There are 2 protein chains.
Amino acid sequence: MRSYAEYCAIAKSLDVVGDRWTLLIVRELALRGACRYTDLRNGLPGIASNLLAERLRDLEGAGVVVREEAPPPVATTLFRLTPRGEELRPVLDDLMRWGLPLMADQAPDDAIRSHWLAAALELMLTDLQPDESPVTVELRTGDQPIAIELGDGAIEIKLGPVESPDAILAGPPRSVLGLLVGMLELADAEAQGVSFEGDPAVLRRFYGAGTRISRTVA
Amino acid sequence: MRSYAEYCAIAKSLDVVGDRWTLLIVRELALRGACRYTDLRNGLPGIASNLLAERLRDLEGAGVVVREEAPPPVATTLFRLTPRGEELRPVLDDLMRWGLPLMADQAPDDAIRSHWLAAALELMLTDLQPDESPVTVELRTGDQPIAIELGDGAIEIKLGPVESPDAILAGPPRSVLGLLVGMLELADAEAQGVSFEGDPAVLRRFYGAGTRISRTVA
DNA sequence: CTGGATCCGCCGCGATACTG
DNA sequence: CAGTATCGCGGCGGATCCAG
């Protein structure tokens, strides 16, 4: 993209990361750590291969990304954020926070990746009953399961299955999120295709976290 | 721009504000408050008129901007951020912070507006000697003077001239910023075309604020 | 199979002219 | 003052091809 040619910090930032796809590439590296070219393609459905290569070159030139050759036996090239690139996390966090209300509209052709959902949940969820016993929930939505672990007032969200979950939640992402966040009652969520196994009381641990979001939606 | 078609909060944010020029329009409204179409053109040098009109329509449709008809005698249309638009300020702040090191390179054809500089200074400057007596400085760089008022440990930065400043600083923006931020000694700044009137001790009030920035520059 | 490069069609953007 | 109209170009999308 052409430079804005403005002596302004915001414009100069956008000169670096304002191109189409660029911030989403940074998002992938921030959420998933070092990635192979193929991993990035998978996390950026629809990107043209030449664009991904070009953006990675540009980001490398700007000092945001480094390319490193993994040693044998893997022997593949990895892309990783530099410290300067890591400093973009606040920008990503704010953009994610601002975009949370927009998760209310899930377009039929929206691609879905569980690590995007996990990042959103990390911003939204709080344990409303931190004194209760620890609880684990497995989410089955997106391209891989998500593990939620409540305990000691903290919430941990990881990718991957849960050993013996106290509850299992499956269904369309929008409805699963809506239920967790308290915008949807269990009955409504189930009407939208959500299946819930376990003790419904577990959901109360999250309820209300979403009222703050709901208020944001115009 | 085409939608990214990803069920991800960041991607959905960028679907709204990721177009070229869009965030800079929001910047203008955030920094200067309600603006006329002409004010926006002035604050966005180089933007095509049709693009500005189209972006404003889009932003209005997204609930980020409202158009309001000013009552007579002015009788002009004003554009203003909605509350939802105001919530983009954290994004702008982080982008500005991330871009501060890039202010080190001022391209010859970079447009300059004092309100961009004022915003950057607001992020960078701290009063290192809050117990000293109040001090006012007038900056003459960009398209209008900038007033800096130190007192009670707080810094106020406004646009416009200062009544009877304790110091006057004029010259190229990069050097004026560099001096204030402590990356440049007075002698070096003067060699770069900065003129300084007043007590040089005033500069010590700011010195060091920029070491944090300097460290950021790779 | 990974990590690209190349080509082409198209649309978003840039620049300028024009208008109620 | 607040836009609309037009046209040319370059960035992007989509597909295919290629080297290690």
Side-chain angles (χ1 to χ4, degrees), chain A residues 1-6 11 14-25 28-29 32 34-62 65-80 109-111, chain B residues 1-6 11 14-25 28-29 32 34-62 65-80 109-111:
Chain A
M1 183 157 49
R2 286 243 316 246
S3 164
Y4 286 111
E6 292 183 358
L14 293 178
D15 280 344
V16 177
V17 297
D19 271 318
R20 185 160 166 82
W21 291 110
T22 304
L23 263 182
L24 294 187
I25 294 173
E28 285 302 303
L29 295 172
R32 314 216 304 186
C35 285
R36 298 176 304 171
Y37 190 86
T38 312
D39 300 329
L40 289 172
R41 289 194 74 161
N42 177 275
L44 300 163
I47 195 175
S49 177
N50 56 350
L51 276 192
L52 177 54
E54 182 182 335
R55 295 290 184 266
L56 285 171
R57 268 196 307 271
D58 295 346
L59 285 173
E60 203 183 349
V65 162
V66 276
R67 178 187 316 248
E68 50 191 37
E69 301 298 328
V74 268
T76 177
T77 54
L78 288 179
F79 298 89
R80 178 192 305 276
D109 59 344
D110 274 353
Chain B
M1 185 157 47
R2 287 240 320 243
S3 164
Y4 286 110
E6 294 183 357
L14 293 178
D15 281 344
V16 177
V17 298
D19 272 320
R20 185 160 165 82
W21 291 109
T22 304
L23 263 182
L24 294 186
I25 294 173
E28 285 302 302
L29 295 172
R32 313 214 305 186
C35 285
R36 298 174 304 170
Y37 190 86
T38 311
D39 301 329
L40 289 172
R41 289 194 74 162
N42 178 275
L44 300 163
I47 194 175
S49 179
N50 56 349
L51 276 192
L52 178 54
E54 183 182 335
R55 295 291 184 265
L56 285 170
R57 265 196 308 271
D58 295 345
L59 285 172
E60 203 182 351
V65 161
V66 275
R67 179 186 317 246
E68 50 192 35
E69 301 296 328
V74 269
T76 178
T77 54
L78 287 179
F79 299 89
R80 180 192 305 276
D109 59 344
D110 275 355

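Here is the naming used below: chain letters follow the sequence lines, and residue numbers restart at 1 for every chain. As the structure is a computational prediction, the values presented were derived from the model and not from experiment.
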If you go through the side-chain atoms of A/N50, does one of them form a donor-acceptor pair with the base of D/dG14 closer than 3.5 Å? yes

Ignoring backbone atoms, establish whether A/R20 has a side-chain N or O less than 4.0 Å from OP1 or OP2 of C/dC13. no

Assign the ring pair A/W21 / B/Y4 to parallel, tilted or perpendicular, where the plane angle (0 to 90°) is split at 30° and 60°. perpendicular

So, OP1 or OP2 of D/dA2: does either fall under 4.0 Å of a side-chain N or O from B/R57? no

Using modelled atom types and a 3.5 Å cut-off, is there a donor and acceptor pairing between side-chain atoms of B/D15 and backbone atoms of B/S3? no

Evaluate A/I25 against A/E28 for side chain to side chain contact (heavy atoms under 4.5 Å, CB included), listing each step before the verdict. CA-CA 5 Å; A/I25 294 173; A/E28 285 302 303; 5.8 Å; no

Taking it one step at a time, do A/Y37 and A/S49 satisfy side-chain hydrogen bond (donor to acceptor under 3.5 Å, both in side chains)? CA-CA 10 Å; A/Y37 190 86; A/S49 177; 3.0 Å; yes

Does B/R41 make a side-chain N or O approach to OP1 or OP2 of D/dG3 shorter than 4.0 Å? no

Sugar-phosphate, base or nothing in reach of A/A53, heavy atoms under 4.0 Å: sugar-phosphate

Rounded to the nearest Å, what distance is computed from the CG atom of residue B/L52 to the C1' atom of nucleotide D/dA2? 10 Å

Has the side chain of B/S49 got a donor or acceptor atom sitting under 3.5 Å from an opposite partner on the base of D/dT4? yes

Euclidean distance, atom CE of residue A/M1 to atom P of D/dC9 [Å, nearest integer]: 21 Å

Answer yes or no: does atom CZ of A/R67 have more than 12 heavy-atom neighbours from other residues, nucleotides or ligands under 6.0 Å? yes

Check the distance between D/dG3's P and B/L44's CG and give it to me in whole angstrom. 14 Å

C/dG4 phosphate, OP1 or OP2: any side-chain N/O from A/R67 under 4.0 angstrom? yes

So which nucleotide from D/dC1, C/dA5, D/dG3 ends up closest to the side chain of B/Y37? D/dG3

Is A/T22 close to A/D58 at the side-chain level, that is, under 4.5 Å between some pair of heavy atoms? no

Mapping B/T38 and A/I47 onto DNA chain D by nearest heavy atom, which one lands closer to the 5' end? B/T38

Hey, which sits more toward the 5' end of DNA chain C by its nearest nucleotide, B/R2 or A/T77? A/T77

Closer than 4.0 Å, any side-chain N/O of A/W21 to the OP1 or OP2 of D/dG13? yes

Whole angstrom value for the distance that separates P of D/dG3 from CD of B/E69: 8 Å

If you compare every side-chain N and O of B/R36 against the phosphate oxygens of D/dC1 (OP1, OP2), does one of them come in below 4.0 Å? yes

Establish, with yes or no, whether the OP1 or OP2 oxygen of D/dC12 is under 4.0 angstrom from a side-chain nitrogen or oxygen of A/R55. yes

From CG of A/D19 over to C1' of D/dG11, roughly how many Å is that when rounded to an integer? 9 Å

Ignoring backbone atoms, establish whether B/T76 has a side-chain N or O less than 4.0 Å from OP1 or OP2 of D/dC1. no

Rounded interatomic separation in angstrom, taking CG from A/L14 and C1' from C/dC13: 16 Å

Check the distance between C/dA5's P and A/E54's CD and give it to me in whole angstrom. 10 Å

What's the CG-P distance between B/L51 and D/dC7, to the nearest Å? 17 Å

